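Before any comments, here is the structure.
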Amino acid sequence: MKDFFSKYSREARVYPTIIGLVPFYILQYYYLADLIPSEVFTVKLVGNATFAVVILYLVSEFFVRFPSKLLEDKIFKNKRDFPTTRFLLSTDKEYSSDFKNTFRKKVARDFSLNLSDPVEEVRNEDEARRKIKEAVGLIIKRVSDGHLVLKHNISYGFFRNLWGASLVGLILSFALTSVLVFKNNTHTYLGVFLILAYLMYVVFGRFVIRYFGEAYSRKLLEEYMEERLQK
């Protein structure tokens, strides 16, 4: 939990979690607060900073990040079809052959890893993807502190984790709407709006995740290659 408020964790994990917990905060503020005896909680739930941090951490780690990672693995086939891998295949048109050849040489020099050449890739594409995945893992550790890479990584992490947060928000929105209907509240439309908003991202969020995954991958690869130009 010590890194919970690092720049990445704050913007890519905490912020999506807060968005997903909006129905809970509405429920707490308008309905649950009056049900909590003051002798049990000296400070009300939202005002209790320590309790709020614990809730944020638990929800972000187990109910937001975990399902979001499962979706990521499904979309990108456990990173073997992540844009960083796909872009570097000889059959992909994102980068030129010269770029890929230079990349292979740089990886061999930096990490003593020999990526598959186009001929070997045709023979065993699965192995070629696995080698690229391993190389990218090392590259991430090497250039992850770069300003632009971190910025794109945060954007990708935010929209990936927003998917898990939307699942949480969707469930809480149904609970909120049930309470509003039960109380014959004229603000029922608020719960319905939240249901539709979260549901749309649960259904279509994978396209947003793909887009930001590709943007992050381009910046990661290009910043790694820029090392060669700067030396």
Side-chain angles (χ1 to χ4, degrees), residues 3 6-13 15-16 65-164 201 204-231:
D3 296 326
S6 67
K7 181 176 177 62
Y8 177 85
S9 292
R10 186 175 65 252
E11 297 183 21
R13 295 183 185 177
Y15 291 173
R65 183 173 178 270
F66 181 67
S68 297
K69 291 290 288 184
L70 290 179
L71 177 68
E72 178 187 62
D73 288 343
K74 182 178 180 180
I75 293 174
F76 299 118
K77 300 177 182 177
N78 202 22
K79 285 193 168 58
R80 288 166 65 190
D81 194 34
F82 201 76
T84 44
T85 301
R86 177 162 45 83
F87 288 164
L88 293 169
L89 293 174
S90 61
T91 52
D92 191 85
K93 304 302 181 183
E94 180 69 26
Y95 292 107
S96 67
S97 297
D98 286 345
F99 181 96
K100 295 170 188 174
N101 289 334
T102 304
F103 179 87
R104 281 194 288 268
K105 292 175 183 177
K106 180 170 169 54
V107 167
R109 184 176 65 251
D110 292 345
F111 307 115
S112 300
L113 289 177
N114 295 315
L115 300 181
S116 302
D117 60 32
V119 175
E120 293 171 332
E121 183 183 306
V122 171
R123 291 175 183 166
N124 193 340
E125 183 178 315
D126 189 62
E127 180 67 10
R129 287 176 178 271
R130 189 176 295 111
K131 288 180 178 180
I132 295 173
K133 174 186 172 182
E134 293 169 352
V136 169
L138 297 173
I139 291 170
I140 289 173
K141 294 179 181 178
R142 182 162 176 160
V143 303
S144 59
D145 291 334
H147 173 69
L148 291 178
V149 169
L150 178 61
K151 180 180 178 181
H152 282 75
N153 190 22
I154 288 173
S155 296
Y156 170 70
F158 174 88
F159 287 104
R160 181 198 64 196
N161 291 329
L162 185 59
W163 189 85
Y201 198 78
F204 299 108
R206 64 180 59 221
F207 300 107
V208 180
I209 293 170
R210 281 187 179 276
Y211 173 82
F212 282 93
E214 290 181 354
Y216 163 62
S217 297
R218 291 187 189 98
K219 185 51 59 180
L220 177 68
L221 296 177
E222 290 164 13
E223 189 152 323
Y224 172 64
M225 291 294 283
E226 283 177 5
E227 287 185 341
R228 176 175 174 272
L229 299 176
Q230 294 168 355
K231 291 180 179 179

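Owing to the predicted nature of the structure, the values given are computational and were not obtained by experimental measurement.
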Spatial distance of atom OG (Ser6) from atom CZ (Arg13) [nearest 0.5 Å]:
7.5 Å
Is any side-chain heavy atom of Arg142 less than 4.5 Å from a side-chain heavy atom of Asp110?
yes
Taken in chain and number order and not counting sequence neighbours, the residues that satisfy side-chain contact (heavy atoms from CB on, under 4.5 Å) with Asn114 are Ala108
With Tyr156 as partner, the option from Glu214, Glu72, Lys151 fulfilling side-chain hydrogen bond (donor to acceptor under 3.5 Å, both in side chains) is Glu72
Would you name the heavy atoms of Ala12 and Asn161 that are closest together and state the gap between them?
O-ND2, 2.7 Å
Euclidean distance, Lys106 NZ relative to Phe99 CZ, rounded to 0.5 Å
10.5 Å
Hey, is the main chain of Asp117 close enough, under 3.5 Å, to the side chain of Glu120 for a donor-acceptor pair?
yes
Between Arg86 and Glu94 (salt bridge meaning N to carboxylate O under 4.0 Å), is one present in this structure?
no
Is a side-chain donor or acceptor of Lys133 paired with a backbone partner of Asn78 at a separation under 3.5 angstrom?
yes
Just by modelled atom types, is the Val149 backbone N or O under 3.5 Å from a matching donor or acceptor in the Asn153 side chain?
no
Counting C-beta onward and ignoring hydrogens, is there a side-chain heavy-atom pair between Leu220 and Val136 closer than 4.5 Å?
yes
Is there side-chain contact between Leu89 and Ile132, with at least one heavy-atom pair below 4.5 Å?
yes
Can you confirm whether Lys100 sits close enough to Phe87 that some side-chain heavy atom of one is under 4.5 Å from a side-chain heavy atom of the other?
no
Heavy-atom check, side chain of Tyr201 versus side chain of Ile209, under 4.5 Å:
yes
Is it true that, when you exclude Lys105 itself, more than 12 heavy atoms of the residues, nucleotides or ligands shown sit nearer than 6.0 Å to its NZ?
no
Can you list the steps and then say if Glu226 with Val143 is a side chain to side chain contact (heavy atoms under 4.5 Å, CB included)?
CA-CA 10 Å; Glu226 283 177 5; Val143 303; over 6 Å; no
Close side-chain approach of Pro16 and Trp163, heavy atoms under 4.5 Å:
no
Is it true that a side-chain atom of Ser68 and a backbone atom of Arg160 form a donor plus acceptor pair closer than 3.5 Å?
yes
Taking the six-membered ring for Trp and the full ring for Phe, Tyr or His, determine whether the centres of Tyr216 and Phe159 are under 6.0 Å apart.
no
How close do Tyr8 and Gly157 get, heavy atom to heavy atom, and via which atoms?
OH-CA, 3.8 Å
Within a strict 4.5 Å, meaning less than it, do heavy atoms of the Phe212 and His152 side chains meet?
no
May I have the step-by-step check of side chain to side chain contact (heavy atoms under 4.5 Å, CB included) for Glu121 and Thr91, ending in yes or no?
CA-CA 9 Å; Glu121 183 183 306; Thr91 52; 4.0 Å; yes
Given Leu88 and Asp92, is the side chain to side chain contact (heavy atoms under 4.5 Å, CB included) satisfied, shown in steps?
CA-CA 7 Å; Leu88 293 169; Asp92 191 85; over 6 Å; no
Measure across Pro83 and Ser217 and return the closest heavy-atom pair with its distance rounded to 0.1 Å.
CB-OG, 3.2 Å
CZ-OG distance between Arg104 and Ser90, expressed to the nearest 0.5 angstrom
7.0 Å
How are the rings of Phe111 and Tyr224 set relative to one another: parallel (under 30°), tilted (30 to 60°) or perpendicular (over 60°)?
parallel
Under the salt bridge (charged side-chain N to carboxylate O under 4.0 Å, His left out) rule, collect the residues that match up with Glu134, sequence neighbours excluded.
none
Validation row: Lys131, Leu113 side chains within 4.5 angstrom (heavy atoms)
no
Do Thr85 side-chain atoms and Asp81 backbone N/O form a donor-acceptor pair below 3.5 Å?
no
Side chain to side chain contact (heavy atoms under 4.5 Å, CB included) assessment of Met225 paired with Phe103
CA-CA 7 Å; Met225 291 294 283; Phe103 179 87; 3.8 Å; yes
Calculate, to the nearest 0.5 Å, the distance between atoms OG1 and CD1 belonging to Thr84 and Ile139 respectively.
8.5 Å
